[in-house]
Amino acid sequence: MSDLLHYEDVAIGLQFATGGIDVTEAHIVQFAGLAGDFFDVHMDDAFARELGFPRRVAHGILGLALVDGLKNRASRRFAGVASLHWDWSFRGALFAGDRLSARVEVVDKRLTAKGDRGILTLRITATNQDGAVVQEGTNLLLVRRRGTPIGEGQA
């Protein structure tokens, strides 16, 4: 796993784009089943149109989950341990057929109190195929330091 970026490898200002993923009807239906969220705006085109949408809307949390997946398989990847916090805004509707991608920027970094790991503050902007921002926010990501064996210093 030498291609992973450890705390020491990351500079504030590092930016990269993720790949993309096509949001499908299957994503929406499977997420509804997983989350138990069958709210009509996600499941019923006619209901969504009554609210002013052209068709049913993907769950916002589904979009966040897809963005996290894009981040975790981007060409630049972190030696992550865990996400510690999300501060997230849902800016626009996400629909089946949309292509979701994201831009990641490291805006801050600090060592943990023990100093055995680091915490990165990532600003993430998710856009659709037209470049419209559909979601954005920050993620605090706990990452390994170089030379710290996996499993050592676990909380």
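Leu4 is listed as a side-chain neighbour of Arg144, based on a closest heavy-atom distance under 4.5 Å. Looking only at side-chain heavy atoms (C-beta outward), Val143 and His6 stay at 4.5 Å or farther from each other. Side chains of Val57 and Leu51 form no contact here, defined as non-hydrogen atoms less than 4.5 Å apart. For the pair Phe47/Val41, a side-chain contact is recorded, criterion being any heavy-atom separation below 4.5 Å from C-beta on. Contact of the Ile21 side chain with the Arg73 side chain is registered, since non-hydrogen atoms from C-beta on lie closer than 4.5 Å. No side-chain heavy atom of Leu62 sits under 4.5 Å from any side-chain heavy atom of His42. Proximity of Leu70 to Val104: side-chain heavy atoms (C-beta onward) are nowhere separated by under 4.5 Å. The shortest side-chain heavy-atom distance between Phe53 and Asp45 does not fall under the 4.5 Å cut-off.
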| task | Kindly determine whether Arg91 and Val134 satisfy side-chain contact (heavy atoms from CB on, under 4.5 Å), including the steps that lead there. | result | CA-CA 5 Å; Arg91 300 286 185 206; Val134 292; 5.8 Å; no
| message | Using the rule given for side-chain contact (heavy atoms from CB on, under 4.5 Å), can you reason through Val106 versus Leu122, listing the C-alpha separation, both sets of side-chain angles and the distance that settles it, and then say yes or no? | response | CA-CA 5 Å; Val106 178; Leu122 307 176; 3.7 Å; yes
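With sequence neighbours excluded, no residue forms a ring-ring contact (aromatic ring centres under 6.0 Å, His included) with His27. By the ring-ring contact (aromatic ring centres under 6.0 Å, His included) test, Phe16 is found to be paired with Phe78, residues two or more places apart in sequence or in another chain being considered. Residues passing the salt bridge (Lys or Arg N to Asp or Glu O under 4.0 Å) test with Arg145, sequence neighbours excluded: Glu8.
Counting heavy-atom neighbours within 6.0 Å of Arg123 CZ, excluding the residue itself, gives a total of 12 or less. Within a 6.0 Å sphere centred on CZ of Arg110, other residues, nucleotides and ligands contribute 12 heavy atoms or fewer.
Taking every heavy atom of both residues into account, Ser101 and Gly20 meet most closely at CB-CA, 4.1 Å. Scanning both residues, Ala102 and Val67, for their nearest heavy atoms gives CB-CG1, 4.2 Å. Nearest approach of Trp88 to Gln135, heavy atoms of both residues: NE1-OE1, 2.8 Å. The minimum heavy-atom distance linking Ala126 with Leu100 is given by the pair CB-CD1, 4.0 Å. Val10 and Leu120 get closest at one heavy-atom pair: CG1-CD2, 4.1 Å. Here the closest non-hydrogen pair linking Asp98 and Ala93 is OD2-O, 4.1 Å.
Side-chain heavy atoms closer than 4.5 Å link hydrophobic residues (I, L, V, M, F, W, Y) into clusters, and following such links, possibly through other members, connects Ile124 to Leu64.
Exactly one residue among Phe31, Phe38, Phe39, Phe90 makes a ring-ring contact (aromatic ring centres under 6.0 Å, His included) with His59. That residue is Phe31.
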